[in-house]
Amino acid sequence: WLDERIGTSARIGAERRHASWYARMGDDGAIERLERTGSAARWRSFVGERDNLLVATRRSLDVRDGDTAGRCCIATLLVFDTRGPVSAGMAAAGPVLARGDLPPSLEVRLLLRLARLERQAGRAAQAETLLRRAHARAEAIGDHRFAGIVLNALATVAAEGDRLPEAIA
C-alpha cells in the first residue's frame with residue numbers, strides 16, 4: 001500500500017530516516033545522559049519506543065547498515081534491560097551480531113549490553129563469555145576505556161559467583 005502511495009524509493013528513504021532517528025538513542029552520550037540524569041518521564045518515553053527501536057533495527061539490517069543497526073540494537077537492549085523480557089533482548093541482538101558488518105566499537109558496546117541481560121537472567125557463564133569476547137575486541141581496537149568497563153563487569157560476575165580472588169585480580 002505504501003509503495004503505491006508514495007513509491008518504493010520514497011518509502012526506503014523514510015525507513016532510513018526512521019532508523020537514523022532511533023539510532024541516536026543508542027549513542028553513548030544519549031545512553032549516559034539517560035542513565036545518569038534521566039527523569040521518570042524520560043525513561044517512560046524511552047521505554048515506550050521499544051517497537052520503533054525493534055523496527056529500526058530490523059530495517060537497518062535489511063539494508064545492511066551495520067552502524068545504524070548496532071546503535072538501534074544497543075538502545076533496544078537498554079529497553080529490555082529496563083522492562084524485559086530479557087529473552088526478547090537477546091533475540092533482537094542475535095541477528096545484529098551475526099551479520100558481521102557491525103563496527104568494532106559498537107560490537108564491544110553491544111556485547112557488554114547483551115552480557116548484562118544474560119547476567120540478569122542468571123546465566124553468568126554466558127555473560128562471562130560475552131564479556132571476554134567484548135574485552136578482547138576492545139583491546140584489539142585500542143578502546144581502553146571500554147576495555148576497563150568490561151573488566152569491571154567481569155569482576156562483578158566473578159564476585160557474584162563467589163570467585164573473589166579472581167574478582168580482585
**Prompt:** When Tyr22 is tested against each of Asn52, Thr76, Thr57 for side-chain contact (heavy atoms from CB on, under 4.5 Å), which residue passes?
**Reply:** Asn52

**Item:** Sub-4.5 Å side-chain heavy-atom contact between Val96 and Leu106
**Value:** no

**Item:** Residue pairs passing the side-chain hydrogen bond (donor to acceptor under 3.5 Å, both in side chains) test where at least one lies in residues 23-42, sequence neighbours excluded
**Value:** Asp27-Arg71, Asp28-Arg109, Glu35-Arg113

**Asked** How about Thr156 and Arg119: do any of their side-chain heavy atoms sit closer than 4.5 Å?
**Response** yes

**Message:** So, using salt bridge (Lys or Arg N to Asp or Glu O under 4.0 Å) as the criterion, who are the partners of Glu107 when residues are at least two apart?
**Reply:** Arg133, Arg137

**Request:** Apply side chain to side chain contact (heavy atoms under 4.5 Å, CB included) to the pair Arg59 and Val63, showing each step before the final yes or no.
**Result:** CA-CA 6 Å; Arg59 286 178 177 164; Val63 297; over 6 Å; no

**Asked** Roughly how far apart are Ser20 OG and Asp65 CG, rounded to 0.5 Å?
**Response** 7.0 Å

**Message:** If we check side-chain contact (heavy atoms from CB on, under 4.5 Å) with Phe80, which of these qualifies: Leu54, Val47, Leu114?
**Reply:** Leu54

**Prompt:** Can you tell me how far CG of Leu151 sits from CD of Glu139, rounded to the nearest 0.5 angstrom?
**Reply:** 7.0 Å

**Message:** Starting from Val79, can I reach Leu61 by hopping between I/L/V/M/F/W/Y residues whose side chains sit under 4.5 Å apart?
**Reply:** yes

**Asked** Should Val55 and Met25 be counted in the same cluster of Ile, Leu, Val, Met, Phe, Trp and Tyr side chains packed under 4.5 Å apart?
**Response** no

**Request:** Check whether Leu112 and Leu154 end up in the same hydrophobic cluster, where Ile, Leu, Val, Met, Phe, Trp and Tyr are linked by side-chain heavy atoms less than 4.5 Å apart.
**Result:** yes

**Request:** Give the cluster check for Leu78 versus Leu111: same hydrophobic cluster or not, with ILVMFWY residues linked at side-chain heavy-atom distances below 4.5 Å.
**Result:** yes

**Request:** Establish whether Leu97 and Ile141 are linked, either directly or via other cluster members, by ILVMFWY side-chain heavy-atom contacts under 4.5 Å.
**Result:** no

**Item:** Straight-line distance of His18 NE2 to Cys72 SG, nearest 0.5 Å
**Value:** 8.5 Å

**Minimum heavy-atom distance between Val150 and Ala134, given as atom pair plus value** = CG2-CB, 4.1 Å

**Request:** Check the angle between the aromatic planes of Phe46 and Trp43 and answer parallel, tilted or perpendicular using the 30° and 60° thresholds.
**Result:** perpendicular

**Asked** Of all heavy-atom pairs between Ala92 and Cys73, which one has the smallest distance, and what is that distance?
**Response** O-SG, 3.8 Å

**Asked** Which residue pairs pass the side-chain hydrogen bond (donor to acceptor under 3.5 Å, both in side chains) test when at least one of the two sits in residues 77-106, sequence neighbours left out?
**Response** Asp81-Arg116, Asp81-Gln120

**Request:** Mind listing the closest non-hydrogen atom pair of Gly89 and Leu77 along with its distance?
**Result:** O-CD2, 3.0 Å

**Asked** When rounded to the nearest 0.5 angstrom, what distance separates CD1 in Ile149 from CG in Leu131?
**Response** 12.0 Å

**Item:** Shortest non-hydrogen separation from Thr68 to Ser60 and the atoms involved
**Value:** CG2-OG, 3.2 Å

**Message:** Check this for me: does any side-chain nitrogen of one of Glu128 and Arg163 sit under 4.0 Å from a carboxylate oxygen of the other?
**Reply:** yes

